[in-house]
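Beneath this line is the structure, given in structure tokens, with notes to follow.
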Amino acid sequence: QLHLVESGGGLVQPGGSLRLTCAASISLFSINRMGWYRQPPGKRRELVATISPGLKTNYADSAKGRFTISRDNAKGTIYLQINHLKSEDTAVYYCYAAPTWPTGRNYWGQGTQVTVAS
């Protein structure tokens, strides 16, 4: 079964950087789509970025410029690099995987908290 585990969140000052990591329990070659969502306090979960096995990436408008999604097939991990962090980036960040995209279900990690504050 597919399991996802996020790490790398924490408390960061405005203008700082973080790299979030998501480790998958199966080969990334068996997953058609992976990516990241985030859920700010009191708001709905929103898409941040996606990446395909062929390294095609897509970003939400709010993520373009400061966010970079990448993957390491050998390690079975995807990453989300966030630069120039703003208070508006404070959220729980969730990794997801859709092995049989565009059909089938999404799998979700437990989330990792990112807090941007002075």
Side-chain angles (χ1 to χ4, degrees):
Q1 188 67 14
L2 175 57
H3 301 282
L4 303 168
V5 180
E6 302 100 329
S7 61
L11 176 62
V12 185
Q13 291 184 329
S17 298
L18 281 175
R19 189 177 77 160
L20 308 183
T21 298
C22 173
S25 62
I26 67 172
S27 171
L28 298 194
F29 294 110
S30 300
I31 305 174
N32 285 352
R33 287 289 187 278
M34 297 187 72
W36 294 89
Y37 278 71
R38 68 181 182 183
Q39 187 167 19
K43 298 183 178 180
R44 294 183 175 182
R45 191 175 298 185
E46 63 183 22
L47 178 68
V48 177
T50 65
I51 188 167
S52 74
L55 302 182
K56 180 181 179 181
T57 59
N58 290 286
Y59 296 91
D61 287 342
S62 61
K64 292 178 180 177
R66 299 185 297 113
F67 291 67
T68 303
I69 189 170
S70 60
R71 61 193 285 156
D72 186 327
N73 294 328
K75 294 183 179 295
T77 56
I78 69 167
Y79 306 93
L80 185 69
Q81 178 72 36
I82 315 174
N83 297 325
H84 306 291
L85 280 156
K86 305 176 180 179
S87 60
E88 305 96 282
D89 297 321
T90 295
V92 178
Y93 285 73
Y94 295 92
C95 178
Y96 86 93
T100 58
W101 185 93
T103 63
R105 62 163 289 185
N106 284 358
Y107 294 78
W108 298 90
Q110 83 287 354
T112 185
Q113 176 72 49
V114 173
T115 302
V116 184
S118 299

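Computed from heavy atoms alone, side chains included, the values below leave out hydrogens, waters and symmetry copies.
Looking at T57 and T68, their side chains never come closer than 4.5 Å, going by heavy atoms from C-beta outward. Under the 4.5 Å side-chain criterion, counting only non-hydrogen atoms from C-beta, Y93 is in contact with I82. Between P14 and S118, some side-chain heavy-atom pair lies under the 4.5 Å cut-off. Between N106 and W101 there is no side-chain heavy-atom pair separated by less than 4.5 Å. Annotation: side chain of F67 is in contact with side chain of R38 (closest heavy-atom distance under 4.5 Å). Proximity of C95 to W36: side-chain heavy atoms (C-beta onward) are separated by under 4.5 Å at one or more points.
Between D89 and R66, the shortest heavy-atom contact is OD2-NH1, 2.8 Å. Of all heavy-atom pairs between T90 and V116, the closest is OG1-N, 3.0 Å. Closest of all the heavy-atom pairs between S17 and Q81 is CB-NE2, 3.9 Å. Counting all heavy atoms, side chain and backbone alike, T77 lies closest to L28 at O-CD1, 3.6 Å. Residues A49 and Y96 come closest through the heavy atom pair O-CE2, 4.4 Å. Residue P99 comes nearest to L2 through the heavy atom pair CG-CD2, 3.6 Å, listed as atom of the first residue, atom of the second, then distance.
Without hydrogens or angle criteria, R71 side chain to M34 main chain gives no donor-acceptor distance under 3.5 Å. In this structure, the side chain of Q110 does not engage the main chain of V5 through any donor-acceptor pair within 3.5 Å. A donor-acceptor pair under 3.5 Å links the side-chain atoms of E6 to the main chain of G111, judged by distance alone. The backbone N or O of G9 lies less than 3.5 Å from a partner atom in the side chain of T112, making a donor-acceptor pair.
Looking at residues two or more places apart in sequence or on another chain, you find a side chain to side chain contact (heavy atoms under 4.5 Å, CB included) between S52 and R33, K56.
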What's the verdict on side chain to side chain contact (heavy atoms under 4.5 Å, CB included) for Q113 and L11, showing C-alpha distance, side-chain angles and the deciding distance? CA-CA 8 Å; Q113 176 72 49; L11 176 62; over 6 Å; no
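Residue D72 holds its CG atom at 11.5 Å from CD1 of I78, rounded to the nearest 0.5 Å. Here I31 contributes atom CD1 and I51 contributes atom CD1; the two are 12.0 Å apart, rounded to the nearest 0.5 Å. Once rounded to the nearest 0.5 Å, the distance linking CD1 of I26 with CD of Q1 reads 8.5 Å. Distance CG/L18 to OG1/T115: 9.5 Å, rounded to 0.5 Å. Between L47 atom CG and Y59 atom OH the span is 11.5 Å, to the nearest 0.5 Å.
A continuous path of ILVMFWY side-chain contacts below 4.5 Å connects L55 to V48, so both sit in one hydrophobic cluster. In terms of hydrophobic clustering, with Ile, Leu, Val, Met, Phe, Trp and Tyr side chains grouped at heavy-atom distances under 4.5 Å, L80 and V92 are assigned to different clusters. The hydrophobic cluster containing I69 also contains L85, counting ILVMFWY residues as joined when their side-chain heavy atoms lie under 4.5 angstrom apart, directly or transitively.
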